[in-house]
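Structure first, then comments.
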Amino acid sequence: MNNVHDMGGMQGYGPIQIDDSSIVFHHDWERRAFALTVVTNTAGQWNIDRSRSIRESLPPLKYLSNTYYQIWLDALETQLLKTGMLSRDELESGQAKGPGLPGVKALDAHQLPAALNKGWPSQRPTTAPARFAIGQHVRTIQSNPRTHTRLPGYCRDKQGVITALHGMHVFPDKSAIGPDEPQWLYTVEFAAREIWGAETSASSVSLNCWEPYLLEVIDAGN
């Protein structure tokens, strides 16, 4: 989806403010927002790609004016309302007013550590050979999807070189909207000038790309 969340390489937004990485949460409500998001993931009503898709769909002004965890919280409220796990009345009152969504089992506190340790691994069994090999030149597709994608706008229709193969993984573009269709995942290295032109001071950019994002380059000199 093309939206304001995809700001990589864009100009005019000022320098990036880098926080102290030792401070994970700046306020207690951020800790709760994070915990609520993680624990509701275990209800099986959505996956990480659908969560990202919801966050990307927030109105641009809200997205830009929100803090990082406010974006998480707004997206979580949207997900809970969309799936029926929460009613608007319950959200506004802060009180449960129904028996809960059928089929959704509450997670006991003692079950949470095991659920978190299990995580949500994305790697899947290999069911098809890789189309590309290390050292091969490829070009990313030119695409403007209306749904979720992990191919950033600044890296579309750009030529690069495969530098690593990672096996088959959940394909976010599909799993965000329906059943997963695992695809091969590659690391592709792009010359910075290929992306931003001769004025750039960077040397290269490496990006993990799923196979459907890539096209074969027959003549790397063109």
Side-chain angles (χ1 to χ4, degrees), residues 1-97 100-101 104 106-107 109 112-113 115-122 144-156 170 172-173 175-177 195-196 201-202 205-208:
M1 178 185 295
N2 297 334
N3 206 343
V4 71
H5 70 280
D6 188 3
M7 300 176 69
M10 293 179 65
Q11 297 173 313
Y13 287 89
I16 296 173
Q17 303 296 324
I18 300 177
D19 287 347
D20 182 347
S21 60
S22 66
I23 303 175
V24 179
F25 304 107
H26 292 84
H27 306 282
D28 282 344
W29 71 264
E30 295 178 337
R31 191 188 311 274
R32 291 175 63 84
F34 176 76
L36 283 170
T37 300
V38 171
V39 77
T40 50
N41 282 346
T42 65
Q45 299 300 298
W46 57 76
N47 57 42
I48 189 171
D49 299 307
R50 291 180 190 177
S51 296
R52 287 193 175 116
S53 180
I54 293 292
R55 290 196 284 272
E56 294 169 2
S57 301
L58 292 175
L61 285 179
K62 173 176 281 192
Y63 190 95
L64 290 176
S65 59
N66 277 352
T67 62
Y68 180 73
Y69 283 108
Q70 186 63 55
I71 292 173
W72 278 50
L73 188 58
D74 284 350
L76 176 60
E77 290 176 357
T78 300
Q79 287 174 301
L80 292 171
L81 292 171
K82 285 172 69 74
T83 56
M85 292 180 66
L86 192 67
S87 69
R88 175 65 65 183
D89 190 21
E90 289 174 315
L91 178 63
E92 294 175 351
S93 68
Q95 299 293 323
K97 297 186 177 181
L101 193 66
V104 175
L107 192 70
L112 188 56
L116 293 179
N117 286 332
K118 180 182 177 182
W120 292 267
S122 65
N144 292 287
R146 294 178 178 272
T147 51
H148 180 65
T149 184
R150 298 286 284 171
L151 180 61
Y154 71 86
C155 267
R156 296 174 191 167
V170 170
D173 300 43
S175 80
I177 57 176
I195 296 175
W196 291 299
S201 59
V205 174
S206 291
L207 184 73
N208 285 343

Between S93 and K97, what is the shortest heavy-atom contact and its length? OG-CE, 3.5 Å

After noting the C-alpha distance and the side-chain angles of D19 and H26, does the key distance pass the side chain to side chain contact (heavy atoms under 4.5 Å, CB included) rule? CA-CA 10 Å; D19 287 347; H26 292 84; 3.6 Å; yes

For W196, the ring pair (Phe, Tyr, Trp, His ring centres under 6.0 Å) test, sequence neighbours excluded, returns Y154

Out of curiosity, L76 CG to T37 OG1, how far, rounded to the nearest 0.5 Å? 4.5 Å

For M7 and V4, the nearest pair of non-hydrogen atoms, with its separation, is CG-O, 2.6 Å

Excluding sequence neighbours, so at least two apart, what forms salt bridge (charged side-chain N to carboxylate O under 4.0 Å, His left out) with R55? none

Check step by step if side chain to side chain contact (heavy atoms under 4.5 Å, CB included) holds for I48 and W120. CA-CA 8 Å; I48 189 171; W120 292 267; 5.9 Å; no

In Å, rounded to the nearest 0.5 Å, how long is the span from OG1 of T149 to CG of D6? 9.0 Å

So CG of L36 and CG of L80: to nearest 0.5 Å the spacing works out to 8.5 Å

Just how far is it from atom NE2 of H27 to atom CZ of R32, taken to the nearest 0.5 Å? 15.0 Å

Point-to-point distance, once rounded to the nearest 0.5 Å, from CG of N66 to CG of L73: 9.0 Å

State, with a plain yes or no, whether a side-chain heavy atom of N3 is found less than 4.5 Å away from one of P60. yes

Distance check, rounded to the nearest 0.5 Å: N41 atom CG versus R50 atom CZ? 12.0 Å

Verify, without hydrogens or angle tests, whether T78 (side chain) and D74 (backbone) share a donor-acceptor contact under 3.5 angstrom. yes

Going by atom types only, do E90 and S87 share a side-chain donor-acceptor pair under 3.5 Å? yes

Will you find, in the side chains of S22 and D20, an N or O donor that is under 3.5 Å from an N or O acceptor? yes

Which pair of heavy atoms, one from P172 and one from V170, lies closest together, and at what distance? CD-O, 3.2 Å

Check: L151 main-chain N/O paired with R156 side-chain donor or acceptor under 3.5 Å: yes

Does the D49 side chain pair with the main chain of H148, one donor and one acceptor, at a distance under 3.5 Å? no

Under 3.5 Å: donor-acceptor pair, side chain of N2, backbone of N144: no

Residues at least two apart in sequence or cross-chain that pass ring pair (Phe, Tyr, Trp, His ring centres under 6.0 Å) with W72, listed by chain then number, are F34, Y68, Y69

Do the side chains of H5 and I71 get nearer than 4.5 Å, heavy atoms only? no

